[in-house]
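Structure first, then comments.
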Amino acid sequence: MAGALILMATLIATVTFAAAFTIPGGFQAEDPHKGMVVLGRNMAFRTFIITDTIAMTSSMMAALILIIMPFQTDEEIIKSFLGYSLLLLWLALMAKGIAFVTGLYAVLSEQLPLAIVVCCIGCILPLIIYYGPTLLVVPQLKES
């Protein structure tokens, strides 16, 4: 389990690191603000930056915990390390999803209908995937 979690933490850290440096909207090319972020004053962009940072740091913390874990001998400590890393990875996944949606919204805000559709898909589809199997199985269990 620890091997799968450290792989997941590393992948999330890699994706969020890349997202931070391929800034949505790009950078100013002209003086006097050359090199500054184009969407710097946009609230959706600011939310993107904050959630991307949360995802990056929590996935790195989970990876660090999982790297330190093999050096522990007490089973209770190992179990707590796994629990903490799993919690941090859930936080990273949720923050990464929010960063994705808000980054797209920041870029697409001039095309509001498309931005709204993207946000709805980004927010509703994970819920359907997470709760969908439960909604399909529970009615079948009640019938039998």
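Quick caveat, the model's predicted, so the values are computed rather than measured.
Of all the heavy atoms in S59 and I12, the pair that sits closest is CB-CG2, 3.7 Å. For A62 against A9, the heavy-atom pair with the smallest separation is CB-CB, 4.3 Å. Between A20 and D52 the shortest heavy-atom distance is CB-OD2, 3.4 Å.
Cluster membership for M8 and L11, using ILVMFWY side-chain heavy atoms within less than 4.5 angstrom, is not shared. Following chains of ILVMFWY side-chain contacts shorter than 4.5 Å, one cannot reach Y105 starting from V117, and the two form parts of different hydrophobic clusters. A single hydrophobic cluster is seen to contain both I77 and L64, as judged by linkage of ILVMFWY side chains at heavy-atom distances under 4.5 Å, directly or through other members. Both I67 and L5 belong to a common hydrophobic cluster when Ile, Leu, Val, Met, Phe, Trp and Tyr are linked at side-chain heavy-atom distances under 4.5 angstrom. Both W90 and M69 are part of a single hydrophobic cluster, where members link through side-chain heavy atoms under 4.5 Å apart.
We find the CG-SG distance between L114 and C119 to be 9.5 Å, quoted to the nearest 0.5 Å. A distance of 9.0 Å separates OG of S58 from CE of M94, quoted to the nearest 0.5 Å. Here CD of Q72 is found 8.5 Å from OG of S80. Values are rounded to the nearest 0.5 Å. Taken from CG in L82 to CG in L89, the straight-line distance is 10.5 Å, to the nearest 0.5 Å. Atoms CZ and OG1, from R46 and T102 in turn, are 13.5 Å apart once rounded to the nearest 0.5 Å. Atom CZ in F48 sits 8.5 Å away from atom OG1 in T53 (nearest 0.5 Å).
With M1 as the fixed residue, the side-chain contact (heavy atoms from CB on, under 4.5 Å) test singles out one of I6, L66, L86: L86.
Residue M60 shares its hydrophobic cluster (ILVMFWY side chains chained together at separations under 4.5 Å) with F17, F21, M56.
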Item to complete: Evaluate the side-chain contact (heavy atoms from CB on, under 4.5 Å) criterion for residues K96 and T16: first the C-alpha distance (whole Å), next the side-chain angles of each, then the deciding distance (0.1 Å), finally the verdict.
Response: CA-CA 7 Å; K96 186 173 67 77; T16 55; 4.2 Å; yes
Fill in: side-chain contact (heavy atoms from CB on, under 4.5 Å) between I49 and I23, worked out
CA-CA 9 Å; I49 292 295; I23 297 291; 4.1 Å; yes
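The side chain to side chain contact (heavy atoms under 4.5 Å, CB included) test applied to A106 returns L39, N42, A44, F45, not counting sequence neighbours. Among residues two or more places apart in sequence or in another chain, the side chain to side chain contact (heavy atoms under 4.5 Å, CB included) test is passed with I65 by F81, Y84, S85, L88.
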